[in-house]
Each structure stands twice: as structure tokens, then as C-alpha cells.
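Structure, as C-alpha cells:
Per chain, numbering begins at 1; letters A, B, ... match sequence-line order. Keep in mind it's a predicted model, so treat the numbers as computed, not measured.
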2 protein chains.
Amino acid sequence: MLNELCLPVGMSHNDVIKLDELIKERIRLSKGSALFHLGDHAEAIYAIRSGSIKTQLEDATGQVQITGFLLPGELIGMDGLLNYEQTSHAIALEDSEVCVMRLEDMDRLSMHMPSLQQQFRRLMSKEINRSHRLVMSLGSLRSEQRLAAFLLNLSHRLSALGYSSTDFILRMSREEIGNYLGLTLETVSRLFSRFAREGLIRIQQREIKLLDYQALQALSGSDCGD
Amino acid sequence: MLNELCLPVGMSHNDVIKLDELIKERIRLSKGSALFHLGDHAEAIYAIRSGSIKTQLEDATGQVQITGFLLPGELIGMDGLLNYEQTSHAIALEDSEVCVMRLEDMDRLSMHMPSLQQQFRRLMSKEINRSHRLVMSLGSLRSEQRLAAFLLNLSHRLSALGYSSTDFILRMSREEIGNYLGLTLETVSRLFSRFAREGLIRIQQREIKLLDYQALQALSGSDCGD
DNA sequence: CGCATCGTTGACATAACTCAACGGCTGTGG
DNA sequence: CCACAGCCGTTGAGTTATGTCAACGATGCG
């Protein structure tokens, strides 16, 4: 059952071994299906083993806001721990697999392993930082800067997983990118076209190639996030 | 040294007693001074005892994004736990006092008290949710909705502290409100004027009175957050 | 192979920004 | 305690980035 792909990128091997003890179950998700919905009882957090998953809030009026596109090694469900009730939906962007880490197992294990809870505290802090950077992007950047930063951020994370940092597939639609970045799908589409015209990227449907990394960094404000 | 005002609102009395053991030190901050700066070593988190504090990110270009206005009972510094280095600035909006909770004390105590770490996990989850709601506000709402939601959120939190939910003082400038909401100070000023003209609020400088709570809720999309 | 979804592009509308001028607090130092 | 300076807030006029509506083309799923 143990598998390094379940583990948050950047963990020491020591911590990996501890976390592996937590993972007793995996869940397969087909494209478009939900790992959990808003309101579900939250009794575990999930590490993506393969695939990709979006998380989205939904308010009383049905308005949706995507808060993240998660890749292998990243964790989902930490926003549900406040009242052990999910506050967002988690939906697979492609066929995916996640590892389940039950809270009760975590609590039991961390009693004897202080480093586990410290590690988990760091991961929750990371999630807070991720969200804060998104706030900064939405609050302070113009559309072209947001999209450039988004592409660089994806590139960075895929690269850390051993994939190409310049050639990858966007697993989400223009509408989903727009929702995430606080833009309309038309604006996203136009920006992709413009970036391509200006030689920054090449794009064909969801296949993207970053041609001028530096120019994208300059555009985004050199803040590629993580 | 023990004081209930240091404690996150909504905690059980039992947990309060535990947390009180953590608080060995308090810090007084005069208006405009910083509790910590970006890059500072993070070895504690802080609970506001009195006053109010803003937290803000700052990117390489000096661009600032305010991510929160914190009130008594609320916690600061959870975003710095990733690498034990602050990722934001925390600046007092008025003369304030905070309680210091050292990480090493927390780790020591929580070893014998599983409920402490569970409690802390919940508080970090709450911070993630807070940030997610801000993302939703910035990504999905129009300016008038953002400001209405902001006022209702403040009202809600002040009310939980025992203050009036309809009459209060804005401790932050128009510019700070605008920065937080992804708007310019002029837009904020115009919206206040318009809300007043329409009978939703009365405002004189930083003194505000909410006259039509329901209309504000309808405007904001009934999402007053927390 | 056909239909539904997704993506592109254009024309137009508008919410929010920018720049500018001015008035009123507030707090400080003489 | 008063006068002044600097900041803060308001308001207006004009601009612009981004949204809206609409038509069409491309993909890929069933």
C-alpha cells in the first residue's frame, strides 16, 4: 500500500515512512466525479496519488468559486477540519486516485510522534499561504499578470513532479481557469491568443508550450508562487 | 496572566484553561507598529487581546495585499509556520495588545493533551476557510457586494465580542479597505456615499451605522462569512 | 458520424480605475 | 491652546480593462 507518490512533495524520507502508516485506503475517481461534496462529513484528508482535482466553494445562490487545482502529492480536505464538515467540493479533472488519511489514525499516531503533527501543521500553513497568494493575485494583479502567474505556477509544480516545465496539458477548461482567476472564459481565451501572438506561448486547445519563460515571469511580477 | 480575552471566540471553557497555560507573555503594540515583518523568524502565534491588527503580503515589487483585519480573540501568524518564517506583515491599526503562544510550548503541551492539537488544527482550518471566502469575494462579487459583505462580516464579529452590531468604528482607512477588497480607495468612498444616499448606512468619517441590515445582506448575496 | 461541449473572435457595454481638485480632520509643535 | 501641515476622504470627468452577447468553428465523446 505504501507509495511515495501519495506524499507531499518536499517531505523528508523519515516523515514519508511515518505518513505511509496512515494510508490504509485509496480511492479511484473517474473524470468529473466528486471526492466529496460541500456538507459531507469530513473524517479524513486526501493526498493525490495520480490525476488532478479541483476544489470549489459554492454559496447560497449557487455561485461557484474554484479555489485550487491540485496535482499529485498535494493534499485536499484541510478546509473541512473546522467542524468536521466539508466546506467545498472536490472534483476530479481527469481519472485520478487519492490516498486516504483518516483523522483518527493521525491523532493516534501523532500522539507518539510529535514530528507528525508538526509536519501536518506545516502543511496546513502551506495551504494558508497558497490561498493568500491567490488573494494577492485576485486583488492586485491585472488579467494578463494573473494568467502568466497561473501558467508559471503550474509549470513549477509539474516540474517538481518530474514533468516538463515547458510542455504540458491543461486539465481544466477556459471557464475553470477564468473562474479560478476571477476572469471570464472569453478573457482567458483572448489572453491565450495574445500570448501566442506575442510569442510567449504556443497553445493548441489544452496543449500548451511555454516559449518565453522570462517574459512570462516579467509579466507576472516575478511571483510564480508554489 | 490568564485572560479570556486572549482566547479564540467559540472555544469551550475546558480548552480555554489548557490554552491559558500557553500564554506566558504579552506584547503591547502602539498604532502603526508591527507585531512582525515578512521574513522574521516565526516561533509563536499570537492571539489578539485588545485592539485590531491588519496582516499584509508584500511581493518583490513592493506591491502590498492586505489579507485580513483581525479583532480581539482572533489568531495571527499561522501562515508563518511552513518554514518558521513569517510570510506577511502584521501591523496594529490602533494601540493593541496580543498574547504570545510559543510553538515549543504548544508542542510540549499537546503531547499530553491530544485535544489541544485538535483544537489548533481546527483553528488553522478556520483560517483556510477565512481566506477561501476572501478569494470567493474577490473572484466572484462586484464591488458593491464585496463592500456590503465586508461590513456585515465586521458587524458579525464585533457583535460576537459583545459590541453593537450596527454602530462601530472602522479602524482602517478607505485605502486599506480598498486594498483588502481589490478596489481603489475612490471606489470604496463612492460606495459608502451611495450606500448612505440609499439609506443602507450612515457614515461620518470612520463612524458607521448600519441602517438596513437586510438590504445589505440581499446585496452581498446573504454571505456574511465569519 | 453526429451532437454537445469547448474554444475563438468580434462588436459593444460598463464597472471600476485614473487623474485631479478640493475640503475637512487630526495631531503636533510652537 | 492655537495654527499649521499632512493625511484622509469626497467628488467629478474622462479613460480603459474587462465583461456581455452573439456567432461560428473545432474537438472529441458516445
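Going from atom CD of A:Gln145 over to atom C1' of D:dA17 covers 12 Å, rounded to whole Å. Remark: P of D:dC29 and CG of A:Asp95 are 11 Å apart, rounded to the nearest angstrom. Straight-line distance from the CZ atom of A:Arg171 to the C1' atom of C:dC6: 16 Å, rounded to whole Å. One can place CG of A:Leu185 at 15 Å from C1' of D:dA26, the figure rounded to the nearest angstrom. Spacing between atom CD of A:Gln204 and atom P of C:dG7 amounts to 13 Å, rounded to whole angstrom units. Remark: C1' of C:dT8 and CD1 of A:Ile177 are 14 Å apart, rounded to the nearest angstrom. Nucleotide C:dA16 holds its C1' atom 14 Å from the CG atom of A:Leu183, rounded to whole Å. Atom CD in A:Glu94 sits roughly 16 Å away from atom C1' in D:dG28 (whole-Å rounding).
A close approach under 4.0 Å does occur between a side-chain nitrogen or oxygen of A:Arg174 and OP1 or OP2 of C:dT8. Using a 4.0 Å cut-off, some side-chain N or O of A:Arg206 falls inside it from OP1 or OP2 of C:dG7. Between B:Thr184 and C:dC17 there is a side-chain N or O to OP1 or OP2 distance below 4.0 Å. One finds no side-chain N or O of A:Thr187 lying less than 4.0 angstrom from the OP1 or OP2 phosphate oxygen of D:dT18.
A distance-only check finds a donor-acceptor pair linking the side chain of B:Asp59 to the backbone of B:Thr61 [under 3.5 Å].
A salt bridge between A:Glu97 and A:Arg28 is present, with a side-chain N of the basic residue lying under 4.0 Å from a carboxylate O of the acidic one.
Along DNA chain D, the nucleotide closest to A:Leu141 and the one closest to A:Gln205 are compared, and the more 5′ of them pairs with A:Leu141. Comparing B:Met172 and A:Arg190 along DNA chain D, the residue whose closest nucleotide (by nearest heavy atom) sits nearer the 5' end is B:Met172. Heavy-atom distances to DNA chain C give each of B:Gly182 and B:Lys31 a nearest nucleotide, and the one nearer the 5′ end belongs to B:Gly182.
Between B:Phe69 and B:Phe150, the ring-plane angle classifies as perpendicular under the 30° and 60° cut-offs.
Using a 4.0 Å heavy-atom criterion, one finds that A:Ser193 contacts the sugar-phosphate atoms exclusively. Note on B:Ser143: only backbone sugar-phosphate atoms sit closer than 4.0 angstrom, heavy atoms only; bases stay farther off. Heavy atoms of A:Arg194 sit nowhere under 4.0 angstrom from any nucleic acid atom.
Interface remark: the B:Glu186 side chain does form a donor-acceptor pair with the C:dC19 base, using a distance-only criterion of under 3.5 Å.
There is a side-chain donor-acceptor pair under 3.5 Å between A:Arg157 and A:Asn153.
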Quick one, A:Arg171 with A:Glu176, criterion salt bridge (charged side-chain N to carboxylate O under 4.0 Å, His left out). Give me CA distance, side-chain angles, the key distance, then yes/no.
CA-CA 10 Å; A:Arg171 297 298 177 178; A:Glu176 287 168 328; over 6 Å; no

